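Only one structure is covered here, and it is reproduced in the block below.
Note that the structure is predicted; figures quoted are calculated from it, not measured.
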Amino acid sequence: MDGKILRSDYHVILEEYMTGHPNMDSNLCTILSRGVYNGTLCKQGGILISGINPSYDGKTEEELPCNRLAECTGKYWKPYVEIANSFSEDMVGYLDVFPLRCTKEADLLKTVPVDLKVRLIQKFMKVVEEYIRPNLIIYTNKSTRYLWGTDELHPWMGYKLLPIKTGERLSVKGNLYRIIGRQDSAACIYPEDTHNKCNLVGCYLFITNFYQYAKKEAKLTADDVKALWNAYALSNVG
């Protein structure tokens, strides 16, 4: 899927929501008025790096990259560009769960209503499952790991996760799971057209800390991602 097409799809979701909610909270209006950032996609079967949402740096949408992760510049992107450069072209991509631009994660989670969160997560899942179908997902926000299904009482995306034991090097940096299906719960919010299937079965999910705020020994490096890929995800590549 082309990054510009995805950006347009997100705008449709926001415009429909704003039309149906003319008396929105002013804080929500401010966040939505900034537009979206949908990241840089990767080829099918590769590695997807994901976070909770993009920060807001005052730039317009047109100034934000939407092609290749290796082309991103700035302090935030440096560790992820290093990962991308360790693999073949377009093997590594980046896509946040929510495309809304808000620097403080807590403000976003508090301000954005559940029904809008659901619409955005459904779109995220559809893109990941139907277009990217990665063999490895690196999620860089431990505090919101519940979105993937780690808390069965509040499953959100509702993936059924099998914990995988890793060596000491990786275990201090995060937790590895293998997606083995969907949870059988009416509380899951996956898109209706994917109700009876899960295109991420077999995909590995590594949940780690946001790079900039992690302690030195807990920072995930390009070599760590290579180790994850070679030891686990590579076995799924046809």
Side-chain angles (χ1 to χ4, degrees), residues 6 10 13-14 17 27-28 31-32 34 36-40 47-57 69 76-77 79-80 83 93-129 132 134 136-164 166 170-179 182-183 185 187-191 198 200 203-215 218-220 224-225 228:
L6 178 56
Y10 275 130
I13 293 174
L14 298 190
Y17 188 84
N27 292 329
L28 179 59
I31 292 174
L32 300 188
R34 297 169 181 163
V36 300
Y37 176 56
N38 52 268
T40 60
I47 300 170
L48 177 66
I49 300 172
S50 180
I52 182 68
N53 75 283
S55 60
Y56 179 62
D57 56 7
L69 184 55
Y76 173 84
W77 294 107
Y80 305 129
I83 293 172
Y94 188 102
L95 183 65
D96 282 313
V97 173
F98 300 116
L100 304 178
R101 304 168 66 196
C102 183
T103 301
K104 293 185 178 180
E105 171 192 322
D107 290 346
L108 178 95
L109 295 176
K110 179 181 178 180
T111 304
V112 178
V114 172
D115 53 347
L116 180 54
K117 289 176 183 172
V118 168
R119 287 287 306 278
L120 295 172
I121 286 179
Q122 287 175 331
K123 182 62 180 179
F124 172 82
M125 294 179 71
K126 189 176 180 68
V127 172
V128 174
E129 289 203 26
I132 303 177
L136 175 63
I137 298 173
I138 307 291
Y139 187 62
T140 64
N141 193 294
K142 271 191 174 183
S143 65
T144 56
R145 57 186 177 272
Y146 59 84
L147 291 173
W148 292 87
T150 59
D151 180 357
E152 293 188 3
L153 294 178
H154 305 92
W156 289 86
M157 288 188 262
Y159 289 114
K160 190 179 293 185
L161 304 173
L162 176 67
I164 302 295
T166 59
L170 291 172
S171 64
V172 299
K173 300 189 177 187
N175 302 100
L176 181 65
Y177 303 89
R178 191 173 192 186
I179 297 175
R182 298 198 193 282
Q183 295 179 32
S185 171
C188 298
I189 60 171
Y190 42 82
C198 177
L200 293 187
C203 174
Y204 286 90
L205 170 67
F206 191 75
I207 299 179
T208 185
N209 281 312
F210 181 58
Y211 186 88
Q212 278 77 358
Y213 298 148
K215 295 180 179 179
K219 291 180 183 293
L220 196 70
D224 294 327
V225 177
L228 283 167

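Taking both residues in full, the closest heavy atoms of M157 and I189 are given as N-CG1, 4.3 Å, listed atom of the first, atom of the second, then distance. Nearest approach of T144 to N141, heavy atoms of both residues: OG1-OD1, 2.8 Å.
To the nearest 0.5 Å, atoms CD1 (I137) and CG (L228) are separated by 12.5 Å. Atom OH of Y159 sits about 3.5 Å away from atom CD of E129, to the nearest 0.5 Å. Atom CG of L220 and atom OH of Y80 lie 8.5 Å apart (nearest 0.5 Å). Distance NZ/K104 to CG/N53: 13.5 Å, rounded to 0.5 Å. With rounding to the nearest 0.5 Å, the separation of CG in L100 from CG in L14 is 6.0 Å. To the nearest 0.5 angstrom, T40 atom OG1 is 9.0 Å from Y94 atom OH.
Evaluated for a side-chain contact (heavy atoms from CB on, under 4.5 Å) with Y139, the options N175, L48, L205 yield exactly one hit, L205.
K117 places a side-chain N or O within 3.5 Å of a backbone atom of L109 that can act as its donor or acceptor partner. Between the K173 side chain and the K219 main chain, a donor and an acceptor come within less than 3.5 Å of each other. The closest donor-acceptor contact from the side chain of Q183 to the backbone of G149 lies under 3.5 Å. Side-chain N or O atoms of T103 include one that pairs as donor or acceptor with a backbone N or O of Y56 at under 3.5 Å. Judged by distance alone, the side chain of T140 and the main-chain N or O of T208 form no donor-acceptor pair under 3.5 Å. Between the side chain of R145 and the main chain of K142, a donor-acceptor pair closer than 3.5 Å is present. Judged by distance alone, the side chain of D96 and the main-chain N or O of F98 form no donor-acceptor pair under 3.5 Å.
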Might you work through the side-chain contact (heavy atoms from CB on, under 4.5 Å) test for L120 and V97, ending with a clear yes or no?
CA-CA 8 Å; L120 295 172; V97 173; over 6 Å; no
Evaluate W148 against Y177 for ring-ring contact (aromatic ring centres under 6.0 Å, His included), listing each step before the verdict.
CA-CA 11 Å; W148 292 87; Y177 303 89; over 10 Å; no
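Cation-pi geometry between R182 and Y190 is satisfied (NZ or CZ under 6.0 Å from the ring centre, within 45° of the ring normal).
Inter-residue side-chain proximity for N27 and D107 is flagged as unmet; no heavy-atom pair is nearer than 4.5 Å. Using a 4.5 Å heavy-atom cutoff, the side chains of I83 and I138 are not in contact. A 4.5 Å side-chain heavy-atom check between I49 and L69 finds at least one atom pair inside the cut-off.
E105 and S143 share a donor-acceptor pair across their side chains, judged by distance under 3.5 Å alone.
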